[in-house]
Amino acid sequence: MIKNICCIGAGYVGGPTMAVIALKNPNINVTVVDINKNRIDAWNSEDLSSLPIYEPGLDEVVAEARGRNLFFSTDVDKAITESEMIFISVNTPTKTYGKGKGMAADLKYIELCARQIAEIAKTDKIVVEKSTLPVRTSEALKSILDNTGNGVKFQILSNPEFLAEGTAISDLLSPDRVLIGGGTDEEGTNAVNALVSIYEAWVPSDKIITTNVWSSELSKLTANAFLAQRVSSINAMSELCEVTGADVNEVAKAIGMDSRIGSKFLKASVGFGGSCFQKDILNLVYIARSYGLNQVADYWEQVIIMNDYQKNRFAKKILTTLYNTVSGKKIAFLGWAFKKDTNDTRESAAIYVADALLDEQANIAVYDPKVVKEQMYNDLANLNTRKVEEIEAGISVFSEVYELCKDAHAIAILTEWDEFKEYDWKMIYENMKKPAFLFDGRNILNGENMENIGFVYNGIGISKNIE
Ligand code: UDX
Ligand code: ADP
């Protein structure tokens with residue numbers, strides 16, 4: 001019986017996942033640790049609106065479990081010592097240097113964790129990979145743990161996370177499935193069963209599937225590749241719609257009713273973002289190439305190429321529609337997060353569209369309900385395409401939409417926040433420069449209504465002036 005769990009990494013995955021595990025297993029102590037003291041302080045904050053990540057429903061779960069059996073701490077060693085089961089939820093960004101630069105996952109944070117666990121552990125541990133990892137990482141983990149440890153036994157499990165940000169709590173509370181990969185010998189099976197029983201506290205048994213470790217690791221990459229591929233596929237069609245007179249929303253509806261295709265993940269957009277899709281596909285491509293499977297690698301790489309193209313295409317459309325110059329023009333961005341209901345901006349399309357428009361000397365004004373100014377500046381600085389002073393000069397951040405859009409030449413919607421639909425668009429229109437251009441990168445507004453107000457409306461995959 002597991003009595004104490006620890007999770008290394010208090011981020012978008014570790015935080016919500018452990019909060020729900022603690023909520024549903026009041027008899028298990030769950031300690032989430034992180035080396036980032038500010039993050040831990042924010043998790044411990046009295047004011048629940050100051051939690052480090054924004055996720056609908058998370059505050060209520062934390063309010064119930066925190067201090068009861070859910071704890072946040074920076075004392076990693078103590079948490080490792082006291083736990084029988086250790087989840088690793090540290091970040092695994094794409095490598096920015098050396099072999100596999102720009103493609104392979106950077107496993108240095110994982111390796112540091114493994115070494116720390118090996119050094120500290122004095123009793124047997126079950127180590128659970130929670131981060132998205134390339135296939136066969138568990139082998140590396142096992143090798144480090146077995147070769148540098150104190151002779152204690154480690155079982156490695158893969159338990160990939162399928163939660164989507166913005167819906168993390170409901171995804172965790174009622175998952176489509178829970179996947180657990182582990183060893184098939186007796187000790188492996190016992191470890192798998194220990195984790196199964198934690199999920200069985202709230203997930204029906206038939207939704208908990210167990211596999212070997214490799215299948216589990218590869219399933220995670222495959223799921224994200226398939227989902228991202230759907231977005232790139234509909235985005236590819238969006239351009240064809242624009243030139244032929246079709247409407248991508250109608251096409252998506254028509255094909256989505258085919259039960260073999262299904263209606264989800266068919267929303268044309270300015271391009272997918274987030275911490276997983278691009279990283280996981282690049283991983284897949286890298287792995288395939290390293291086995292010499294070039295056709296497989298090229299096939300999946302095209303999903304990324306299409307996504308980059310869609311982001312660029314959106315920026316280019318703004319430029320060409322505004323008479324081929326945005327220099328000195330105020331372009332109002334609605335949204336910066338990679339999707340609604342999150343403050344996460346990793347790989348957000350907004351960053352790349354802003355970068356392309358800064359190349360054209362646009363004055364970009366941004367409003368996002370949950371993303372702070374420093375984050376936007378950091379995101380652009382991390383591209384290494386221009387100096388910090390240029391970023392600060394080119395981007396101004398607003399906390400209110402009507403001021404944001406005042407005297408703007410164009411508005412670009414980058415994130416599908418619900419509140420954007422509720423604005424007084426007539427008032428926004430009246431205070432803009434004319435013609436007032438509106439680029440709806442998420443197709444959340446009714447184009448006809450916007451044109452009736454007076455806007456020149458451009459959605460994604462909606463043709464203009466073609467009968
Ligand atoms: C994804 C997976 O869904 C999740 O299972 C996995 O564990 C992590 O990666 P996430 O990145 O949080 O989750 O968000 P998701 O809802 O999948 O959206 C990813 C991106 O695709 C967003 O930028 C979103 O706006 C975009 N998207 C999604 C579209 O453009 N169109 C769609 O129809 C769906
Ligand atoms: P994810 O979306 O995968 O959860 P995040 O970047 O939000 O990614 O969270 C990962 C967290 O892991 C960060 O808060 C980071 O500080 C933490 N972390 C990274 N390495 C270690 C480590 N060796 N020990 C403890 N925490 C770590």
Side-chain angles (χ1 to χ4, degrees), residues 6-18 32-40 42-43 52-53 55 72-77 79-80 86-93 105-117 130-133 160-168 171-172 175-177 179 219-221 223-235 238 248 252 256 262-281 307 310-311 335 337-350 414-416 441-443 460:
C6 105
C7 172
I8 307 180
Y12 283 90
V13 171
T17 309
M18 291 304 127
V32 191
V33 291
D34 203 296
I35 39 177
N36 182 337
K37 183 172 182 307
N38 289 341
R39 221 169 198 183
I40 291 299
W43 278 111
I53 66 174
E55 194 62 65
F72 295 93
S73 158
T74 50
D75 195 342
V76 182
D77 289 358
I80 292 173
I86 303 167
F87 288 78
I88 303 185
S89 281
V90 301
N91 35 334
T92 51
D106 192 341
L107 297 180
K108 82 175 162 203
Y109 304 104
I110 296 276
E111 179 166 345
L112 283 171
C113 277
R115 290 190 185 277
Q116 193 165 1
I117 296 169
K130 205 54 177 156
S131 321
T132 306
L133 295 168
E161 193 49 75
F162 293 107
L163 64 82
E165 288 173 29
T167 52
D171 292 346
L172 283 161
D176 287 344
R177 78 318 206 173
L179 178 56
S219 299
K220 166 75 181 185
L221 297 189
N224 279 343
F226 272 55
L227 291 170
Q229 183 199 44
R230 286 174 66 96
V231 179
S232 273
S233 298
I234 198 73
N235 282 345
S238 74
V248 78
S263 61
K264 292 182 183 157
F265 263 76
L266 285 180
K267 195 115 194 60
S269 68
V270 53
F272 62 72
S275 66
C276 283
F277 280 4
Q278 173 156 317
K279 183 184 75 176
D280 287 358
I281 295 174
N307 194 49
Q310 187 77 347
K311 292 181 275 188
F338 81 96
K339 62 188 271 195
K340 74 172 180 179
D341 290 340
T342 179
N343 61 344
D344 195 351
T345 64
R346 285 176 288 182
E347 292 300 331
S348 179
L414 277 305
T415 312
E416 73 282 21
R442 298 288 182 165
N443 289 353
I460 301 273

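Both counts, for ligands and for their atoms, begin at 1 and track the order of listing. The structure displayed is predicted, hence computed values, not measured ones.
When heavy-atom distances to ligand 1 are checked against a 4.0 Å cut-off, Glu161 comes that close only through its backbone atoms N, CA, C and O. With a heavy-atom cut-off of 4.0 Å, Asn235 does not touch ligand 1 at all. With a 4.0 Å heavy-atom cut-off, ligand 1 is reached by no atom of Thr167. With a heavy-atom cut-off of 4.0 Å, Arg346 touches ligand 2 through its side chain alone. With a heavy-atom cut-off of 4.0 Å, Ile8 touches ligand 2 through its side chain alone.
The closest approach between Arg442 and ligand 1 falls below 4.0 Å for a heavy atom of the residue. Residue contacts with ligand 1: Lys264 is excluded, as none of its non-hydrogen atoms falls under 4.0 Å.
Here Lys130 pairs with Glu161 in a salt bridge; the nearest charged N to carboxylate O distance falls below 4.0 Å.
Checking Gly274, Ser348, Gly273, Ala349 against atom 20 (C) of ligand 1, the nearest heavy atom belongs to Gly273.
For atom 28 (C) of ligand 1, the closest non-hydrogen atom on the protein side is Phe265 CE2, 3.5 Å. Considering only non-hydrogen protein atoms, atom 23 (N) of ligand 2 sits nearest to Cys113 SG, 3.8 Å. Closest to atom 17 (C) of ligand 2 among all protein heavy atoms lies Asp34 OD2, 3.2 Å.
Of all atoms in ligand 2, numbered sequentially from 1 with element shown, those under 4.0 Å from a heavy atom of Arg39 are 5 (P), 6 (O), 7 (O), 9 (O), 11 (C), 13 (C), 14 (O).
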